[in-house]
Structures are given as C-alpha cells and as structure tokens.
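A quick write-up on the structure given underneath.
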Amino acid sequence: MPEGHTIHRLARRHHALFAGAPVAASSPQGRFAAGAAAIDGRVLEGADAYGKHLFYRFGDDVLHVHLGLIGRFPSYIRDVPEPTPATRLVISNGSAAAHLSGPMTCRVITTDEAAAVTAALGPDPLRSRGGRREFAAALGRRRAPIAAVLLDQAVIAGIGNVYRSEILFLCGIHPTTPARNLSDDRGDCLWRTAGAQLRLGLRLGRIVTVRLGDVGARRRGDLDEDERRYVYHRDGLPCHRCGSIVRRGDIGARSAWWCPGCQPE
DNA sequence: TCTTTATGGTGAG
DNA sequence: TCACCCTAAAGAT
C-alpha cells in the first residue's frame with residue numbers, strides 16, 4: 001500500500017536488481033501478455049519513480065506502473081515463490097524476480113507518453129528541491145480544504161492519505177483550512193515537512209512521523225503501531241503531544257484525522 | 001468461511 | 001458524489 005516513499009523505494013530496488021541487463025517478462029495472469037512480450041528479453045536501462053508512478057525504460061518503450069490502493073510489487077533474490085494466479089507481471093533475470101499484482105496501471109507506452117504523465121503531476125519532493133514555489137503557487141489558486149488539496153497529485157506528487165494528515169499535524173494546520181488562506185510560512189512548512197517525512201519514510205521503509213521524545217521512546221524500532229503516527233487512524237485516542245482526543249472526518253471523499261488541540265481552526 | 005478494509009485513482013451523471 | 005476497478009490480509013461469524 002503505497003505512498004511516494006514506497007514507490008521510490010521500489011524503483012531503487014528494481015533498478016539495483018535489474019538495470020543494465022536483459023530481463024525476462026511474462027504475465028502469469030495473462031492480462032498483460034502482450035505488454036510482457038513487448039519487453040521480454042530486452043535490456044532494462046533504468047527504473048524511476050515520479051510521485052506514485054513507476055517507469056521502467058526499455059529504449060523507446062517505457063513500462064508504466066501505478067500500484068493504486070492495493071497493488072504490490074515485491075522482489076526476491078532467492079527462494080522466488082511461484083507467482084499467484086493474480087500475478088499480472090513477472091520480471092526476472094538469472095538471480096532475482098519481481099512479481100506485480102493488483103496494479104491500477106500496467107502498460108507499455110512511449111517516452112513521449114511517459115513525459116506527458118509526469119508533466120501532469122505537481123512537484124515531487126523526493127525528486128525536486130526546486131518545487132517549493134510551484135507548490136506555493138498551486139496552493140494560492142485553490143480554495144478547497146488543504147487536506148483535499150494535498151491529495152491532488154497535480155499540486156504535490158507522492159502524498160497519500162497517511163502523510164496528508166500527519167503533515168498537517170506537524171505544521172499545526174487544521175485540515176479544513178482553505179488552501180489559499182494559508183500564509184507563505186505555512187505553505188513552506190507543508191513543503192519542507194512533506195519532503196522531510198517522505199525522505200524519512202524512504203529510508204525507513206515505513207511511515208513513522210512521531211518525534212521519539214513525544215512518545216517517550218529511545219528508538220523507532222521500539223514503537224508500537226499506535227505510536228508511529230500522531231493522528232492517522234487514531235480517532236478517539238489522546239494526542240501524543242497535548243492529550244486532546246484525536247478526531248476523524250471525511251475530507252475530499254476520504255477520512256482525515258487531526259488533533260483539535262494542536263491544529264485549531 | 002464469510003465480510004471488511006486499505007497508504008489510489010477514474011469515469012459517469 | 002457515486003460506482004467501480006484491482007488483491008490480500010485482517011477481522012468477524
């Protein structure tokens with residue numbers, strides 16, 4: 001279940017495992033048989049991530065994958081399991097394999113088409129240190145609640161439902177605040193916090209947003225599930241920082257969580 | 001053995 | 001705003 005950090009991590013791992021050599025590609029499920037045939041035996045030049053999108057370059061052809069909500073793309077170095085009947089795509093070489101299941105998007109496109117995909121996305125904090133102004137400008141154009149705007153991939157690429165609530169908590173911003181009402185400082189805080197949290201998530205391989213001091217822990221490995229985040233899925237529980245009861249509400253057709261003490265309206 | 005849920009996104013109305 | 005797509009694991013019965 002991926003936000004941007006997961007996708008970038010996958011791109012790095014797949015690049016390390018497969019780039020620079022021919023790969024075998026097949027579709028046990030059958031639904032991607034033609035696409036797999038188009039890249040089978042070809043040299044993978046590289047794997048990249050932009051926001052929540054994955055791109056695998058094979059000359060002028062690009063394998064474009066988006067995992068959606070339920071997609072997975074685990075890889076194996078040894079003890080490669082049998083693909084399940086739902087495995088859409090297997091990529092392998094002599095020593096490793098990756099099994100794709102449940103993707104929202106899996107298709108072979110041209111480099112121009114791939115460029116059009118990324119052009120429609122907002123800046124990705126994991127790729128660009130120069131996206132802050134573009135992000136700030138987009139906020140200024142929107143009157144929708146900031147919690148809804150943070151999920152719009154045309155505004156900022158890679159944020160999902162966990163990070164949107166956690167980032168708003170960390171910046172002390174109430175989720176229903178209209179985006180264009182935010183000060184420049186608060187917009188800066190959102191951009192910097194998004195980048196810092198995505199980079200941390202990329203490094204850890206999981207989303208951990210709490211400062212250890214706020215939960216009285218020494219190491220991140222000591223944290224229980226409930227202690228890794230400030231608000232996400234914590235409605236009814238006391239805030240790690242101020243003790244107020246965390247609330248949940250539907251914002252932008254999905255649940256958002258916030259602390260009424262730390263994020264006043 | 002069910003039903004539910006999930007860190008996402010699209011297209012129709 | 002809603003139905004819908006895709007899969008797997010967790011939770012309920």
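Keep in mind it's a predicted model, so treat the numbers as computed, not measured. By convention in this document, chain letters (A, B, ...) are assigned in the order of the sequence lines, proteins followed by strands, and residues within each chain are numbered from 1.
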Find the distance [X]:[atom1] to [N]:[atom2] and express it as a whole number of Å.
X         : N      : atom1 : atom2 : value
Arg254(A) : dT5(B) : CZ    : C1'   : 12 Å
His8(A)   : dT7(B) : NE2   : C1'   : 14 Å
His5(A)   : dG8(B) : NE2   : P     : 10 Å
His99(A)  : dT7(C) : NE2   : P     : 15 Å
Leu150(A) : dT7(B) : CG    : C1'   : 14 Å
Ile159(A) : dG9(B) : CD1   : C1'   : 16 Å
Arg164(A) : dG9(B) : CZ    : P     : 12 Å
Leu151(A) : dA6(B) : CG    : C1'   : 14 Å

For the residue pair Phe169(A) and Tyr230(A), does the interplanar ring angle fall in the parallel (under 30°), tilted (30 to 60°) or perpendicular (over 60°) class?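 Rings of Phe169(A) and Tyr230(A): parallel, as their planes differ by under 30°.
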For His64(A) and His53(A), take the angle between the two ring planes, folded into 0 to 90°, and tell me which bin it lands in: parallel under 30, tilted 30 to 60, perpendicular over 60.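 Parallel.
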So what does His53(A) hit on the nucleic acid, given a heavy-atom distance under 4.0 Å: a base, only sugar-phosphate, or nothing?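 Nothing, no heavy atom under 4.0 Å.
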Does a side-chain N or O from [X] land closer than 4.0 Å to OP1 or OP2 of [N], or not?
X         : N      : value
Lys52(A)  : dT7(B) : no
Thr84(A)  : dA8(C) : yes
His66(A)  : dG8(B) : no
Gln153(A) : dG8(B) : no

Side chain of Ser101(A) only, please: which of dG9(B), dA8(C), dG8(B) is the nearest?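 Comparing dG9(B), dA8(C), dG8(B) against the side chain of Ser101(A), the answer is dA8(C).
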Distance check, [atom1] atoms only: [N] and [M], in whole angstrom units.
N      : M       : atom1 : value
dA8(C) : dT10(B) : P     : 22 Å
dT4(B) : dA3(C)  : P     : 15 Å
dT5(B) : dT13(C) : P     : 11 Å

Tell me whether the count of non-hydrogen atoms from other residues, nucleotides or ligands lying under 6.0 Å of CZ in Arg9(A) goes above 12.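 More than 12 within 6.0 Å, yes.
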Near-ring test His14(A)/Phe73(A), centroid separation under 6.0 angstrom: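 Between Phe73(A) and His14(A), the centre distance is under 6.0 Å.
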Of the options Val246(A), Ile251(A), Asp250(A), which is the one that meets Arg248(A) in a side chain to side chain contact (heavy atoms under 4.5 Å, CB included)?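 That would be Asp250(A); it is the only one of Val246(A), Ile251(A), Asp250(A) passing the side chain to side chain contact (heavy atoms under 4.5 Å, CB included) with Arg248(A).
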Residue pair His8(A) / Arg127(A), side-chain heavy-atom distance below 4.5 Å: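 Counting from C-beta outward, His8(A) and Arg127(A) do come under 4.5 Å.
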Does the Asp48(A) side chain pair with the main chain of Arg12(A), one donor and one acceptor, at a distance under 3.5 Å?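 Not at all, since once roles are kept as given, no pair shorter than 3.5 Å links the two residues.
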Write down the protein N/O and nucleotide N/O pairs, taken from nucleotides 2-6 of chain C, whose separation is under 3.5 Å; answer none if there are no such pairs.
residue, atom, partner, partner atom, Å
dC6(C), OP1, Arg31(A), NH1, 3.2

